[in-house]
Amino acid sequence: MVGHQAGPRPPGPLPAYAGLYTVSGIAEGVASKPGTFNMVFARNGAFLHLGAPDGTVWWSAQVAEPLQPELAGVSDEQWLERLAALHRAERQPSAIIRATTLLHRPTLMHTLAEVPTWHGGSVVLVGDAAHPVGAGQGASMAIEDAVVLAQSVASAATVEHGLAAYDRLRRARVGKLSRSAASNRDAKTAGPFRRRLNELIMPIVFRHFYDRATAWLYTHDLGTLGGRP
């Protein structure tokens, strides 16, 4: 959020538990090709792991749990036991969990309805303050916001008109990313049949269609700022 004028807080949506929580860690002594991103649709959610150049494996378990879990009073060993039970049918995730030497405590995942007001007076929201999309794109979307905001204000007759233009220009792109993030989240909370289907089709999707499907995100051209590219 940027601005210099305080005012009453406009009404806005409140975060809600998304039915997922994340536990992550680092494992040693397990083979995982460095630089290769791996995702397994497991019994409850998804398990992601990546081989690091130093030979360790960085991993994250996104666990589907309809009821918000109690985080306090659960030891690292108990979390690993829970994850081991959830992933007992998946060979590689099970091996990585057993080899874990460092655990990062669980983080609850949340959803947030669209924020209706992004600006008022001389105050404007950018980045996650305006649109937390939950798709690993928070920093890049904030940078895009900053560029478009600067372009809009610089080319407008008044600051208010510039803020309105920024709002209009960014909502469509951010909204598309939010829908994509929601689809990804729903895939991880799907039932047994949908999870098995995802496991079968995802290798095909990533191999043949991923670049084309994400081109709108990664090839977006913001134009120039101040006469410089």
Side-chain angles (χ1 to χ4, degrees), residues 1-2 9-25 37 39-49 59-72 74 79 82-83 86-87 93 104-120 123-146 148-149 166-199 201-202 205-206 210 213-214 216-218 220:
M1 182 178 72
V2 296
R9 180 186 182 278
L14 296 175
Y17 174 59
L20 282 170
Y21 67 89
T22 298
V23 187
S24 58
F37 181 86
M39 181 167 61
V40 178
F41 282 96
R43 183 181 300 271
N44 287 76
F47 189 93
L48 301 81
H49 62 95
W59 62 268
S60 175
Q62 298 182 357
V63 181
E65 177 57 62
L67 299 178
Q68 181 172 316
E70 178 58 55
L71 304 184
V74 183
W79 283 117
R82 290 185 185 184
L83 294 176
L86 291 174
H87 296 87
H104 302 296
R105 300 289 293 178
T107 300
L108 301 178
M109 301 180 72
H110 293 82
T111 59
L112 188 72
E114 182 179 359
V115 178
T117 303
W118 284 11
H119 66 93
V123 177
V124 60
L125 304 179
V126 299
D128 281 354
H131 47 68
V133 293
Q137 296 290 331
S140 57
M141 289 297 105
I143 293 170
E144 288 188 12
D145 283 353
V148 174
L149 175 61
Y166 153 77
D167 187 316
R168 183 180 67 256
L169 291 169
R170 291 298 293 162
R171 279 194 186 266
R173 179 164 169 80
V174 170
K176 185 174 182 178
L177 183 58
S178 295
R179 290 189 294 274
S180 176
S183 178
N184 290 340
R185 183 179 63 249
D186 291 344
K188 297 165 186 172
T189 57
F193 175 78
R194 174 76 181 278
R195 286 199 301 271
R196 179 57 178 161
L197 185 62
N198 285 337
E199 189 176 42
I201 67 174
M202 287 303 287
V205 171
F206 276 105
Y210 181 77
T214 58
W216 68 272
L217 178 60
Y218 296 113
H220 185 60

Distance col, row Gln62:CD vs Ser24:OG, nearest 0.5 angstrom, shows 10.0 Å
Between CZ of Arg105 and CH2 of Trp79, what distance do you get to the nearest 0.5 Å?
7.0 Å
Mind checking whether [X] and [Y] have side chains closer than 4.5 Å, heavy atoms only?
X      : Y      : result
Trp216 : Arg173 : yes
Val63  : Arg82  : no
Thr22  : Met109 : yes
Leu108 : Pro69  : yes

Which heavy atom of [X] sits nearest to which heavy atom of [Y], and what is that distance?
X      : Y      : value
Ala113 : Pro13  : O-CG, 3.3 Å
Ala18  : Thr111 : CB-CG2, 3.5 Å
Arg171 : Thr117 : NH2-N, 4.0 Å
Val115 : Ala129 : CG2-O, 4.5 Å

Under the criterion side chain to side chain contact (heavy atoms under 4.5 Å, CB included), I'd like the reasoning laid out for Phe47 against Val23: C-alpha separation, chi angles, the key distance, then a yes or no.
CA-CA 10 Å; Phe47 189 93; Val23 187; over 6 Å; no
Could you tell me whether a side-chain N or O of Glu114 sits under 3.5 Å from a main-chain N or O of Pro116, the two making a donor and an acceptor?
no
Check whether Asp145 reaches the backbone of Gly127 with its side chain - one donor and one acceptor, N or O, closer than 3.5 Å.
yes
Relative to each other, are the rings of Trp118 and Tyr166 parallel, tilted or perpendicular (30° and 60° limits)?
tilted
Could you walk me through whether Leu177 and His131 pass the side chain to side chain contact (heavy atoms under 4.5 Å, CB included) test, one step at a time?
CA-CA 10 Å; Leu177 183 58; His131 47 68; over 6 Å; no
Determine the sole option in Gln137, His220, Arg170 for which the side-chain hydrogen bond (donor to acceptor under 3.5 Å, both in side chains) test with Glu144 is passed.
Arg170
